[in-house]
Amino acid sequence: MAVDPQRPSGGTPAPQPGVPAPEPGVGKPDPLLVLDQVTRTFGGLVAVQVDHLEVQRGTITALIGPNGAGKTTLFNVVSGFDRADGGEWSFDGQPLAGRPAHRIARYGLVRTFQLTRTIARLTVLENMLLGATAQRGERLLPALLPPLWRAQEREITDRADELLDRFRLTKLRDDHAGTLSGGQRKLLELARALMTRPVMLMLDEPMAGVNPALTQSLLGHITALRDEGLTVCFVEHDMDVVMGISDWVAVMAGGRLVAEGPPYTIGRNRAVVDAYLGKRHDEPEAMGEEA
Ligand SMILES: Nc1ncnc2c1ncn2[C@@H]1O[C@H](COP(=O)(O)OP(=O)(O)OP(=O)(O)O)[C@@H](O)[C@H]1O
Ligand SMILES: [Mg+2]
């Protein structure tokens, strides 16, 4: 991998050969996902306005930024769960703008949600099986071709069991997903996202609300997936997590990409400091604006 997350000891990091410059919109070697002029507005609010962003294949990219920065909206647009107002983006050279989510998933770009979307009244296994079909938008055909469907179903069940084993969820296989802890549901959602053997995962706050032990386990799973060749982009608020596993960090504020670079360049970046100190909507508004 070309991006080296290691922090050089002391002082300003020297530019490293093969590592893209820490500048918003910088080109990267072997970009898998490329965004150009992607915008999404809600009424008068510009939720996303990203001029250019490349995600390098085989890396873990953290997408950070204050609440309301546009991270989830960007994920929604790119993965086809929301429409863009403008812009182009491509995955492995394939233009994605205007394509529905199930088509995008079929190309190998699969995302998870900030609020988990497991179905409480289905079992863990059933949630996994549903992941295989819902992401691809398959419905009618298997019903018309029962023998083919049965063979496919066996294959899908085998894949589900293999993943449940990997994520240590086998003992919960036949439990209703509604009985799982928040952390277990996050694991299930990650396992389910892998049912279709994606090329790239977009994970929206995969560690939110997860206890420290399960967080460690999730981090291990994510780095293992990267080491197996998957490309991962994840949204995260915990900077220890971001610094711990990211090869690259992209920072959004007010819908824009305000900074990007290797993790060790981010903390000292002026635009990042401004983004976090200037506009946190969980802080009191400026004086004199009392309702
Ligand atoms: N469906 C919608 N309708 C109207 N406004 C929306 C909608 N979805 C998002 N927004 C607005 O767009 C902006 C970006 O929201 P978004 O959820 O993408 O932020 P975020 O970076 O994911 O924040 P957080 O870290 O809190 O999850 C916010 O101002 C939000 O209120
Ligand atoms: Mg969000």
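Just the heavy atoms: all of them, side chains too, but no hydrogens, waters or symmetry mates, feed the values below. Just so you know, ligand 1 is whichever comes first in the structure, and atom 1 is the first atom listed for that ligand.
- Results of the side-chain contact (heavy atoms from CB on, under 4.5 Å) test with V251 over I266, L257, L63 single out I266 as the only residue that passes.
- The 12-atom threshold is not exceeded at CD of E88, counting heavy atoms of other residues, nucleotides or ligands nearer than 6.0 Å.
- Judged purely by atom type and a 3.5 angstrom limit, D204 has no side-chain atom pairing as donor or acceptor with the backbone of V235.
- Qualifying side chain to side chain donor-acceptor pair (under 3.5 Å) partners for D82, counting only residues two or more places apart in sequence or in other chains: R40.
- At under 3.5 Å, a nitrogen or oxygen of A69, whether backbone or side chain, sits near a nitrogen or oxygen of ligand 1.
- For the pair D30 (side chain) and R57 (backbone), a donor-acceptor distance under 3.5 Å is absent.
- In terms of hydrophobic clustering, with Ile, Leu, Val, Met, Phe, Trp and Tyr side chains grouped at heavy-atom distances under 4.5 Å, L194 and I245 are assigned to a common cluster.
- Heavy-atom contacts of H237 reach the following atoms of ligand 1: 25 (O) (cutoff under 4.0 Å).
- Looking at L45 against ligand 1, only its side chain comes within 4.0 Å, counting heavy atoms.
- Geometrically, ligand 1 and G65 share no nitrogen or oxygen pair separated by less than 3.5 Å.
- The salt bridge (Lys or Arg N to Asp or Glu O under 4.0 Å) test with D161 singles out one residue from R154, R166, R173, and that residue is R173.
- Residue-ligand proximity, T73 to ligand 1, at heavy-atom distances under 4.0 Å covers atoms 9 (C), 14 (C), 15 (O), 16 (P), 18 (O).
- Note on V34 and M202: separate hydrophobic clusters, where clusters join Ile, Leu, Val, Met, Phe, Trp and Tyr whose side-chain heavy atoms are under 4.5 Å apart, directly or indirectly.
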| request: Please lay out, stage by stage, how L33 and T231 fare under the test side chain to side chain contact (heavy atoms under 4.5 Å, CB included). | output: CA-CA 10 Å; L33 180 67; T231 305; over 6 Å; no
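- The ligand atoms of ligand 1 that sit less than 4.0 angstrom from a heavy atom of N67 are 23 (O), 24 (P), 25 (O), 26 (O).
- Between the side chain of S246 and the main chain of T61, no donor-acceptor pair closer than 3.5 Å is present.
- At a heavy-atom cutoff of 4.0 Å, ligand 1 is contacted by no atom of M252, backbone or side chain.
- Nearest to atom 14 (C) of ligand 1 by heavy-atom distance, out of G68, A208, G43, is G68.
- By the criterion of a separation under 2.8 Å, the protein N/O/S atoms near the Mg ion (ligand 2) amount to T72 OG1, Q114 OE1.
- At least one heavy atom of E205 lies less than 4.0 angstrom from ligand 1.
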